[in-house]
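In what follows, a structure is listed as C-alpha cells, so that the remarks can point back to it.
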Amino acid sequence: MNAETISPSLWPELPLEAWKDTYATLHMWTQIVGKVRLALSPRVNHWWEVTLYVTPLGLTTSPIPYDGGIFEIQFDFIHHRLLIRTSRDTERVMALVPRSVADFYKEFMQCLASLGIHVRIWKMPCEVPNPTAFDQDTQHGSYDPEYANRFWRILVEVDEIFKEFRSRFIGKDSPVHFFWGSFDLAVTRFSGRRAPPREGADPVTQEAYSHEAISAGFWPGGGDIGGPAFYTYAAPEPAGFAEARVAPAKAFYHPTMHEFLLMYDDVRSASDPKAELLEFLQSTYEAGARLGNWNRAELEKPAA
C-alpha cells in the first residue's frame, strides 16, 4: 500500500477481530523499539522517557542519546518501513512485512549494531499474558498494512484532540504519548499531591502512580472489551467515581477495569466525533477532580 491507496476516512473502522493478529505482532515490535529508548534514556518521572509519539508517518521514539550523538527510530505506517536515523547522517531501513517477532528482533539489533549502536534490552515482553522472549517468538508474525495504517490514522486524529484537551490544564500534565507496554495513547493530569503508596505494587507501578492522577486514553481493545475504546480512570479512585454521571450518554463505567469507557465506534459514528470525544474527556475528568477534591481553580485554564 502507498499514499495513493489510503482511504480518505478520518475515523476508519477498526474491528478488533479483523486485525488482532497484526495488533499482537505490532505490540511486540513496538516493545522492542521502546525498550531501546528505555535502556538509553535518562529516567523521567512516571516513565515518560520510554514512550513513543505520533508523527505524520507513524510513531517515533524522538531523539535518543548515544555516544555523543542522537538517533531516532520511527515506524512509518504509510510506506511500511522502520527507519533508524542518526545525527551522524547514517540510517538503516527495515521493511514492515509479515515476519516473526524473532526475525524482526534479529534484524533490528543487527541494524543498530551496524550503526555503531550497541544496546542490551530485557527480551521479555511487558504487560501481556504468557510472554515469550522476543528472540524466541515465532508465533506472532502477522502484518496487514491496511489495518496498521488505519490504526495510525486514528492515532493522528486522537492525538490532536488529546492535545486540545491537554491545553485546558495549567497544572502538571503529561505529554500526549504512546505507551508500548499497554499499547495505548494517553494523556494524564495531576492534582499536585502525592498519592498513597499502592499496597503490593511493583516498583514500576509505584513510580507510575506516585502522585494523584486522572488519565485518559485510546486503546484497541481486548479481553471482554471487544473493540477499540476511549477510557478515563482516576488513581487513586475517589469515592463515588463509579456512580458519577458523565457524558455522552453511551459512556459507561467498567467495574472490573475501574474505568469509564466510550467505545470508538460510538465516537466515529457521531455527527461530530471531536465534540463527542471532548465531552467524554471533560466530563470524566470533572467527575474525578470534583470527587477527589482537586484545587481546580489553580489547575485549570480560565475560560476565555
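Numbers here are sequence positions counted from 1.
- Under the rule for a ring-ring contact (aromatic ring centres under 6.0 Å, His included), the partners of Trp29 that lie at least two apart in sequence or sit in another chain are Phe104, Tyr143.
- In this structure, Tyr66 has no ring-ring contact (aromatic ring centres under 6.0 Å, His included) partners at least two apart in sequence or on a different chain.
- If you check the side chains of Glu49 and Ser41, you find no donor sitting under 3.5 Å from an acceptor.
- Of the N and O atoms on the side chains of Arg92 and Ser114, at least one donor lies less than 3.5 Å from an acceptor on the other residue.
- Every residue two or more places apart in sequence or in another chain that forms a side chain to side chain contact (heavy atoms under 4.5 Å, CB included) with Glu13 is listed here: Pro15, Arg150, Arg268.
- Arg290 has no carboxylate O lying under 4.0 Å from a charged side-chain N of Glu286, or vice versa, which leaves the two without a salt bridge.
- For the side chain to side chain contact (heavy atoms under 4.5 Å, CB included) test, residues two or more places apart in sequence or in another chain that qualify with Leu57 are Thr55, Gln74, Asp76, Ile78, His79.
- A search for side chain to side chain contact (heavy atoms under 4.5 Å, CB included) contacts involving Asp159 returns Val54, Lys163, Val176, Leu185, not counting sequence neighbours.
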Would you mind writing out the side-chain donor-acceptor pairs for residues 223-232 within the sub-3.5 Å range, not counting sequence neighbours?
from, atom 1, to, atom 2, distance (Å)
Asp224, OD2, His254, NE2, 3.1
Tyr231, OH, Asp184, OD2, 2.5
Thr232, OG1, Thr284, OG1, 2.9

N/O donor-acceptor pairs under 3.5 Å from side chains in residues 233-251, not counting sequence neighbours:
from, atom 1, to, atom 2, distance (Å)
Tyr233, OH, Tyr209, OH, 2.7
Glu237, OE1, Tyr253, OH, 2.8
Glu237, OE2, Tyr253, OH, 3.0

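- Here Trp122 sits in one hydrophobic cluster together with Met124; the rule is ILVMFWY side chains under 4.5 Å apart, joined directly or through other members.
- Applying the side chain to side chain donor-acceptor pair (under 3.5 Å) rule to Glu207 yields no partners; only residues at least two apart in sequence or on another chain are considered.
- Legend: residues meeting side chain to side chain contact (heavy atoms under 4.5 Å, CB included) with Ser269, ordered by chain and number and at least two apart, are absent.
- In this view, His258 satisfies the ring-ring contact (aromatic ring centres under 6.0 Å, His included) rule with no residue, not counting sequence neighbours.
- Proximity of the aromatic rings of Phe218 and Phe162 is defined here by a centroid distance below 6.0 angstrom, and this criterion is not met.
- Residues Leu96 and Pro145 have side chains not in contact (no heavy-atom distance under 4.5 Å, counting atoms from C-beta outward).
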Cut-off 3.5 Å, no hydrogens considered: what does the side-chain donor-acceptor table look like for residues 271-280, sequence neighbours left out?
from, atom 1, to, atom 2, distance (Å)
Asp272, OD1, Lys274, N, 3.4
Asp272, OD1, Ala275, N, 3.2
Lys274, NZ, Glu164, OE1, 2.8

